[in-house]
Every structure is written in C-alpha cells, then in structure tokens.
Number of protein chains: 2
Amino acid sequence: MTARREPISRRERPAKPALSRRWIVDTAVRIMRAEGLGKVTMRRLAQELDTGPASLYVYVANTAELHAAVLDSLLGEVDLTGRDGGEGWREQLRAVMTSYTGVLFEHPQLARAALVARPSGENYLRLVERILDLLSQSGAGREQVAWGVDKLLQSATATAAEQSTREHDPAFEDDWDATVRALHAVDAATHPAITAHMPALVGGSVSDRLRWSFDVLVNGIVHTPVPVVED
Amino acid sequence: MTARREPISRRERPAKPALSRRWIVDTAVRIMRAEGLGKVTMRRLAQELDTGPASLYVYVANTAELHAAVLDSLLGEVDLTGRDGGEGWREQLRAVMTSYTGVLFEHPQLARAALVARPSGENYLRLVERILDLLSQSGAGREQVAWGVDKLLQSATATAAEQSTREHDPAFEDDWDATVRALHAVDAATHPAITAHMPALVGGSVSDRLRWSFDVLVNGIVHTPVPVVED
DNA sequence: ACCTGAACACCGTTCAAGT
DNA sequence: ACCTGAACACCGTTCAAGT
C-alpha cells in the first residue's frame, strides 16, 4: 500500500482559505446580510476570517472603502434591463431606478455609506452605463445627461438613506417622529406657510413620493440646459 | 483680622454651570467649530462639561439626537432673507438655498448627520417656513410645493455630504479619485455611454452643478403634478 | 429628579516583528 | 510581500447607587 498522507489534521475548519480582497468582501457581504452593516467592522471581519484586524489592511484601505466594496457587490442585484417598465426609455429608466432603490431600501445603512464613499466597482459602472444609455435616449444634451445621472442616483440614494433608516432602527424613528410633531405643533401665526401646507408636508406614501421625485428630476433634467462653460 | 473664608479653591474654573440641554448643545457646537463633529462624542462632551458621560443622557437621548441639535443650532447662520437674490421668488429662493448649502459646506460632517437624523428645532422650522413661502409664490399646487421643499433640502444636503467630505477628509478624497479613475479606465466597447459622456461625467465646477441642480429641481417641481391620492 | 462611577462591550488603525 | 500580536487611543450606553 502506498502511503497517502491524508491532511486530516488540517480539516477542522473548511480549510481556511488564503486571504484576498475578493474573499474579504464576500465575507463582509455575508455578515451584512446576516447582521447588518453595523456589524461589518474590521475587527469582526478579521475574527470571521480567523485572523487579526491588521491583516485586512493589506487588501482594504479603511472601513469606508470596505463598505463601498460591499455596496458594489450588492449592486449586482439591481435589474438593469428595465424589463418591467415596458417600451419607452422613460419607463425603463423608471424601472431601473426602482430596482436600485429597492436594493438600497433592503440595506438601509448601505445607502448612507454610498453618499459618503462612492463605489467604483464593476456593478456600479454597469449601472451608470445603463442609466446614461437610457437617459440619453431622451434627446437631451450630452452634459445634461451626464449631470442628470448623478442627480438621479443621488436622489434615490438619499431617499433610501433617510427613509429606510426610519423603518429599521428604532432610535431614528424617534427623530422622524420629533420632526413630524414639531411641524404639527407649529404656531400658525409665526409659521403660516407650514400650517397651510401641513397635511402634505409629512404625508404621501413612500412609493408616491419616489415616483414623483423621479418625474420631477427627469422633467427637470431634459428641460434645463447646463450653464455655458467659460474658457 | 476677621477671617474671611475666600472660596478661592472653587475658582480654578469659571464656576461650572448647572447642566442643561441648552448648555450641553452650546458646548457641543463649540467643540465642533474647534475640532470638527468627529470630536463631538458623549465622552468628550462630558469631559468638557466636567462630568461623566452618563449625566448627558438626562438631556439628550443619544448621539444622533445630539448631532441633530448641533445642526439646528448651526442653521441659525442661514440667511433667510434671500436679499442677495434680488426681487423674484426664484432668485430669492436660490439665494436662501445657496446660503443653506454654504453653511453645510463649512461643516461637512453635519450634512451627513442631517440625512440620517432630521432636525426639528426652531431654526429648521424657520428655514422650512421660508422655503415654503418662496416656492408657493411659483403658483404651483400645494402638494407640489410641500413635497418640493423636501427635495430641495435633500438635494442640497446630499451634495454637501458628498462634496465637502472630499475636501476636508483625505481618506474620502481617495474614494472620489478611485471613482474618477474607474470612469476614465472604462473599456469603450463594454461601456460606450460612459465613454461618450466622459469629460462631463466628472467635470463641472461645484457651483455650476449646484446652480444647475437648483434649476432642475425648481423646473421639475413646478411642472410635475403630484399623483392623485386615492381614498 | 438629577447626577455619577464604574462597568460592559465594543471600535479603527498603526507598528515592530516575524515568515 | 504578506501576515500578525499587541498596543494606543478611543467609542456609546446602561445601571446601581447616591444626593
């Protein structure tokens, strides 16, 4: 019998894989799905990877960059086809933006991270490419389209950062409540405009507001020329 | 000689004032102006107030609420007159929004806090009141105006959170650089739209973009009716 | 009611030293 | 080049105990 050296002793764990950026980010995504972005810390991640936090700095510059990488990974879930929207560029674009918003709504804290550290991974680039392509079918000028993509993404991201925070985190629920209460409690004499606009100011469903925001931006973008650049 | 018991020993400090929400927030503002919002922590603040962190929780629910209070205090610096804008509601509104953006640009981290925990203090209410008043002079519907105020504030806040972060914090500078580099390095075959829009996508001065954003939103808001509410 | 010391359960990041 | 242990310098929040 030939002696086959079975590496049995190295088998207690699923064979601790070599560290790599890919493996680090995938693990971070797994932690986020299971316990939220708040748990995706350098220390916790290192623990999960069976190493010390210092080791991660070979592959990731800092926590913000790590979160940006997690976001990019999540963006792989966005439906870029706009298939649900039907035929026109506008409806397809709406469907893509709705899908993007949906992904962020499911991972509230990620939206906040996106506003701070912009992603630059492949999924983000694919998303930008697709939105540019659809928006340019509006016939608007090149610069309007370029700047417009930014506003569309910013608006959706900011809404997700605000709105969905409220739903998941009881601490932030309070802040929104406080704002609503403050708006209701306002003195009609000193704040006539708030009083006059009051039900609407805090009303409306999330989806109505999202749809309206989208229309506002698209209408604005295609009708507002960029300022002439001076040399 | 009469023995006069001088309370000299109690005089090393300016007579530690009683704790109060007001005093806590003012101290927080002072720390922020001197060292940035990052230093406005419960522990650091308690130290400055010569007490333990637990004492603050009598007046402030948590760190997010504290930051919201600091922001509201800062909003007192916004010029609500819109005096610089001249006569029309549009120009005055632009001036108010520019002033608001300016305040946030000087305190980058505060803009991020604003997206998460909305303020509800007197200065915030005054700002909302003023923007509502100006925007309603456009003649747009009540609901459009109410929802429009939200979008105007959100857009300005998000831009400040993104843009000014970059200027002050070297760590985030890298993320923007990475995004710009990624957009430049893109393959023209797989990402034709990015390539076609490339100089514009990352170009434009901050103030040109802000001005254009404002016009886009105002144009969009006044021309886009809100969806009919079903009962 | 207000205030506090002390504790619990964490953080990010760096650096000298090893392989 | 990659990896690590250990350290530095912090966090937010709670709670039992005091006044």
Side-chain angles (χ1 to χ4, degrees), chain A residues 10 13 15-25 27-28 31-32 34-71 109-110 112-113 116-117 165 168-175, chain B residues 10 13 15-25 27-28 31-32 34-71 109-110 112-113 116-117 165 168-175:
Chain A
R10 289 177 58 249
R13 299 197 150 233
K16 176 180 176 184
L19 239 41
S20 70
R21 187 177 163 101
R22 180 67 200 260
W23 182 245
I24 288 172
V25 173
T27 307
I31 295 174
M32 191 211 57
E35 304 171 58
L37 193 68
K39 290 283 160 61
V40 180
T41 65
M42 292 305 222
R43 290 181 107 104
R44 175 63 203 284
L45 187 51
Q47 188 188 310
E48 205 81 11
L49 291 164
D50 210 5
T51 180
S55 307
L56 306 181
Y57 285 84
V58 176
Y59 304 95
V60 169
N62 50 50
T63 307
E65 201 209 274
L66 173 66
H67 288 179
V70 169
L71 172 60
Q109 303 137 305
L110 225 40
R112 270 183 278 165
V116 166
T165 298
H168 294 270
D169 195 327
F172 293 114
E173 182 85 55
D174 297 345
D175 284 307
Chain B
R10 288 179 58 250
R13 299 195 151 235
K16 177 180 175 181
L19 238 40
S20 71
R21 187 178 161 99
R22 180 67 198 260
W23 182 244
I24 288 171
V25 173
T27 306
I31 295 174
M32 191 213 56
E35 304 171 58
L37 193 69
K39 291 285 160 63
V40 180
T41 66
M42 292 304 222
R43 291 182 108 104
R44 173 65 201 284
L45 187 50
Q47 187 188 310
E48 204 81 11
L49 291 165
D50 211 4
T51 181
S55 306
L56 306 180
Y57 285 84
V58 176
Y59 304 95
V60 170
N62 50 49
T63 306
E65 201 209 274
L66 173 66
H67 287 179
V70 169
L71 172 61
Q109 304 137 304
L110 225 39
R112 270 183 278 166
V116 167
T165 298
H168 293 271
D169 195 327
F172 292 114
E173 182 85 54
D174 297 345
D175 284 308

Subject >> Listed nucleotide nearest any side-chain atom of A:Thr51, set D:dC2, D:dT4, D:dG12 >> reply: D:dT4
Original post:
Rounded to the nearest Å, what distance is computed from the CG atom of residue B:Leu49 to the P atom of nucleotide C:dT4?
Top reply: 10 Å
Original post:
When you measure from the side chain of B:Tyr57, which nucleotide among D:dA7, D:dT14, D:dC3 comes out closest?
Top reply: D:dT14
Original post:
To the nearest 0.5 Å, how far apart are OG1 in A:Thr51 and CG in A:Leu19?
Top reply: 6.0 Å
**OP:** May I ask you to evaluate whether A:Thr41 reaches the phosphate of C:dC11, defined as a side-chain N or O under 4.0 Å from OP1 or OP2?
**Re:** yes
**OP:** To the nearest 0.5 angstrom, please state how far the CD atom of B:Glu35 sits from the CZ atom of B:Arg44.
**Re:** 4.0 Å
**OP:** Would you kindly give the CG-to-C1' distance between B:Leu56 and D:dT14, to the nearest whole Å?
**Re:** 14 Å
**OP:** Kindly give the heavy-atom pair with the smallest separation between B:Ala64 and B:Ala117, and that separation in Å.
**Re:** O-CB, 4.0 Å
Original post:
Hey, where does DNA chain C pair up into stems, meaning at least three consecutive Watson-Crick or G-U pairs with distances under 3.5 Å?
Top reply: C:4-8 with D:12-16, C:12-16 with D:4-8
**OP:** For A:Ala54 and for B:Gly38, locate the closest nucleotide of DNA chain D by heavy-atom distance; then report the residue assigned to the nucleotide nearer the 5' terminus.
**Re:** A:Ala54
Subject >> Value in whole Å for how far the P atom of D:dC3 lies from CD of A:Gln47 >> reply: 19 Å
Subject >> Interatomic distance where CZ belongs to A:Arg21 and P belongs to D:dC3 [whole Å] >> reply: 15 Å
Original post:
Should A:Glu65 and A:Arg21 count as an ion pair when the cut-off is N to O under 4.0 Å?
Top reply: yes
**OP:** Output the distance between atom CG (A:Asn62) and atom NE2 (A:His67), rounded to the nearest 0.5 Å.
**Re:** 10.0 Å
Original post:
From the list C:dA7, C:dT13, C:dC3, which nucleotide is the closest neighbour of the side chain of A:Met42?
Top reply: C:dT13
Subject >> Presence of B:Ser55 side-chain N/O under 4.0 Å of C:dT4 phosphate oxygens OP1/OP2 >> reply: yes
Subject >> Whichever of A:Lys39 and B:Gly52 has its nearest DNA chain C nucleotide further upstream toward 5' >> reply: B:Gly52
Subject >> Length of the line joining A:Leu19:CG and D:dA1:P, which is rounded to integer Å >> reply: 17 Å
Original post:
Roughly, in whole Å, what's the span from CH2 in A:Trp23 to C1' in D:dC2?
Top reply: 19 Å
**OP:** Quote, to the nearest angstrom, the P distance that separates C:dA9 from D:dC8.
**Re:** 23 Å
Original post:
Roughly how many Å is it from CZ in A:Arg43 to C1' in D:dA7, rounded to a whole number?
Top reply: 10 Å
**OP:** Pick base, sugar-phosphate or nothing for B:Thr63, based on heavy-atom distances below 4.0 Å to the nucleic acid.
**Re:** sugar-phosphate
Subject >> Separation of D:dG12 C1' from B:Ile24 CD1 (nearest whole Å) >> reply: 15 Å
Subject >> Side-chain touch B:Met32/B:Leu110, heavy atoms, less than 4.5 angstrom >> reply: yes
**OP:** Could you tell me the separation between the CG atom of A:Leu71 and the CG atom of A:Leu66, rounded to the nearest 0.5 Å?
**Re:** 11.5 Å
